[in-house]
Each structure stands twice: as C-alpha cells, then as structure tokens.
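Here is how names work: the chains are called A, B, and so on, in the same order as the sequence lines, proteins then strands, and each is numbered from 1. This is a predicted model, so every value here is computed, not measured.
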Amino acid sequence: MGEPRLSLSCSFPRQLLSADTEAAARSLIGARLARGRGAEAAIGRIVEVEAYAGLDDLASHARFGRTGRNAVMFGPPGVAYVYLVYGMHHCLNVVTEPEGRAAALLIRAVEPVQGEDRMRAARLRWTRVRASRYAGTSDEAASLRIEGLPPNRLASGPGLVCAAFSIGRHDDGSDLCEPASDLRLEIAAEDEPLPVATGPRVGIDYAPEPWLSCPWRFFVPGNASLSVVVPPARRRVAS
DNA sequence: GCAAAGATTTGCT
DNA sequence: GCAAATCTTTGCC
C-alpha cells in the first residue's frame with residue numbers, strides 16, 4: 001500500500017436492491033464493502049449473504065412487525081441495518097425492496113481486497129475491548145491470535161465483518177449507496193462476476209419450516225473467506 | 001416490571 | 001465436543 005490508487009469503482013446501484021430480495025442477494029455477491037477513502041480504505045468483496053424477506057419470514061427480525069430495532073428494515077433500500085446479537089457481536093444488513101416492505105440481506109463474509117492492515121487493527125481493537133474480558137484470555141494471547149490470522153479469516157463471519165470494518169450501532173440507518181458515506185457499497189469495473197451457490201440459512205433454529213430450510217444463504221462456492229458454518233446440533237441449547 | 005433468548009465467536013476439556 | 005461471555009429486545013404477567 002502507500003502507492004496512489006486509481007479508483008475504478010463506483011457506488012452500488014440502489015435500483016438493484018429494490019428488486020426482489022433473491023435477485024438483490026445475487027447482485028450483492030462480488031460487490032465491495034468499503035470503509036474510509038483512498039489508500040487508507042479497507043475494502044472487501046462480499047462472498048456470503050443471507051436473505052431475510054418479508055413480515056411472514058418467521059426467521060426475520062421483521063416477524064414481530066415494526067419495532068424500534070428493526071425500523072430501518074421497513075425503510076428505503078440501500079440503508080444499513082445494524083444490530084447487536086448475543087450481547088457482543090454486531091451484524092450488518094443491507095435493506096432491500098421498496099420502502100414499506102421489511103427485507104434485508106445479512107452480510108456474512110467478506111474477502112479482503114485492500115487495507116488488510118486496517119482490518120487487522122480493527123479486529124485487534126475489538127478484541128482488546130471485548131474478548132479480553134473472556135475468562136482466562138490475556139491481552140497478549142488475544143493480540144498474538146489476531147496477528148497470526150490469515151487475510152481470509154479477517155472478515156469470515158457476520159460478527160467478524162463488523163469487527164474488521166468497525167461497524168456498530170452508529171452505522172445503523174446510514175446510506176450504503178451514497179458515494180460520500182464512510183461505509184458504503186461499491187462495484188469495481190475490473191471485477192469478474194463470481195459463481196453463486198445457495199443453501200439454508202445459519203443460526204435460525206427457532207424458525208419453523210419452510211423458513212428453516214429454504215435456500216436463502218447465497219455464497220461463492222469454495223471461497224476461502226466464507227464463514228465457518230456451525231452444525232445445528234452444536235448450537236446453543238436452552239438449559 | 002421481569003424473564004428469556006438470540007441472524008456469534010472463542011477457548012477449554 | 002461443549003459452554004461461556006454479554007446485553008438488548010421482545011414477550012408475558
């Protein structure tokens with residue numbers, strides 16, 4: 001880095017997000033997530049998303065209707081919906097479909113393109129603030145772990161994307177299609193289209209069929225930056 | 001008002 | 001393979 005960078009990218013067309021959510025999901029795969037500007041920017045290609053569509057999707061936060069938390073899901077497309085899960089991790093969604101309809105795409109994994117150092121520094125900051133409080137986890141051990149991470153593990157999960165891009169509640173409601181936004185979506189002319197595979201969504205064991213099994217997880221097959229999917233049997237059980 | 005669970009990640013046994 | 005960490009949001013009394 002340090003060399004001047006010629007930007008061949010432009011902002012992500014909002015129109016693509018106002019189409020139906022499955023089409024929007026496919027168009028978002030391969031798009032870029034960017035934080036900051038110029039040579040200092042952290043940029044990654046989106047390689048995994050999940051669709052949460054409509055009030056009747058019993059896996060979606062919109063299933064209880066419009067609430068304080070999910071309000072932006074009902075708003076215009078292209079806006080960020082950021083929420084806190086499990087009391088410690090943030091998740092980034094891109095709102096889809098026309099205003100008035102509750103739908104969004106969860107960004108589950110990103111492949112670093114530029115600014116790995118910045119992502120690593122952000123991960124380290126997050127770890128020092130939060131994970132260092134884990135029982136028995138020392139600051140030094142946590143630092144060593146982050147330093148040793150390969151680039152394709154820097155943003156390979158929904159919580160990790162937010163840690164690597166310093167995404168928090170302060171980004172909730174920001175416009176990701178606005179070129180002037182610090183956090184935004186972009187398309188680069190030099191990028192080749194990526195293949196897309198589908199599968200069931202992750203971490204929604206509370207949802208009944210058909211929502212539990214419908215193939216609304218979209219990802220680039222074989223990509224090294226995909227999230228690690230935890231089998232349902234290993235997920236948290238109520239005591 | 002209070003209790004329960006969660007669109008996750010990590011470390012230890 | 002299993003459970004902890006952590007706190008906001010939602011649902012129910």
Handout entry: B:dA7 pyrimidine/purine six-ring stacking with A:Y52, under 5.5 Å and 30°
Key = yes

Problem - Value in whole Å for how far the C1' atom of B:dG11 lies from CG of A:L149 - result: 14 Å

Exercise for the section: Answer yes or no: side-chain N or O of A:Y83 and base N or O of B:dA7 forming a donor-acceptor pair under 3.5 Å. Expected result: yes

Practice task
Ignoring backbone atoms, test whether A:H61 places a side-chain nitrogen or oxygen under 4.0 Å from the OP1 or OP2 oxygen of B:dA7.
Solution key: yes

Handout entry: Candidates B:dA7, C:dT10, C:dT8 - which lies nearest the side chain of A:F64
Key = C:dT10

Exercise for the section: Pick base, sugar-phosphate or nothing for A:R169, based on heavy-atom distances below 4.0 Å to the nucleic acid. Expected result: sugar-phosphate

Handout entry: d(CD, A:E48; P, B:dT8) in whole Å
Key = 10 Å

Exercise for the section: Can you tell me the distance, in whole Å, between the CG atom of A:L58 and the P atom of C:dG11? Expected result: 12 Å

Exercise for the section: Could you tell me if the ring centre of A:H90 sits under 6.0 Å from that of A:Y83? Expected result: no

Handout entry: Distance-only side-chain donor-acceptor flag, A:T21 / A:T96, under 3.5 Å
Key = yes

Problem - Short side-chain N/O contact to C:dT10 OP1/OP2 from A:T67, under 4.0 Å - result: yes

Handout entry: Short side-chain N/O contact from A:R66 to OP1 or OP2 of C:dT10, under 4.0 Å
Key = no

Fill in the blank from the handout: Regarding the side chain of A:L84, the nearest nucleotide among B:dT10, B:dA7, C:dC7 is C:dC7

Handout entry: Any A:Y206 side-chain N or O less than 4.0 Å from OP1/OP2 of B:dA7
Key = yes

Practice task
Select one nucleotide: of B:dA7, B:dT8, B:dT10, the one nearest the side-chain heavy atoms of A:L160.
Solution key: B:dT10

Handout entry: Any A:R69 side-chain nitrogen or oxygen under 4.0 Å from OP1 or OP2 of B:dG6
Key = no

Practice task
Using Watson-Crick or G-U wobble geometry with both distances below 3.5 Å, tell me the partner of C:dC7, or none.
Solution key: B:dG6

Exercise for the section: Using the C1' atom as the reference point in each nucleotide, state the distance between B:dA7 and C:dG1 in Å, no decimals. Expected result: 23 Å

Exercise for the section: State plainly whether the residues A:R45 and A:E111 are in salt-bridge range, i.e. N to O under 4.0 Å. Expected result: no

Completion exercise
Interatomic distance, CD@A:E22 vs CZ@A:F218, rounded to 0.5 Å, equals 4.0 Å

Practice task
Take the protein atom OH of A:Y86 and the nucleotide atom C1' of B:dT10, then report the distance between them rounded to whole Å.
Solution key: 14 Å

Exercise for the section: Give the rounded distance in Å between these two atoms: CG of A:N70 and P of C:dG11. Expected result: 10 Å

Handout entry: Side-chain N,O (A:R63) to OP1/OP2 (C:dT10) below 4.0 Å
Key = no

Practice task
Return no unless some side-chain N or O of A:R145 is found under 4.0 Å from OP1 or OP2 of B:dT10.
Solution key: yes

Problem - A:R32 with A:D191: basic N within carboxylate O range, under 4.0 Å - result: yes

Practice task
Mind calculating the distance between CZ (A:R123) and C1' (B:dT10) to the nearest angstrom?
Solution key: 11 Å

Exercise for the section: Could you check which of B:dA7, C:dA5, B:dT8 has an atom nearest any side-chain atom of A:H89? Expected result: B:dT8

Completion exercise
Rounded to whole Å, CZ of A:R201 lies from P of B:dA7 at a distance of 11 Å

Handout entry: Donor-acceptor under 3.5 Å (A:R123 side chain, A:I146 main chain)
Key = no

Handout entry: Separation of atom CG in A:L106 from atom P in B:dG6, rounded to whole Å
Key = 16 Å

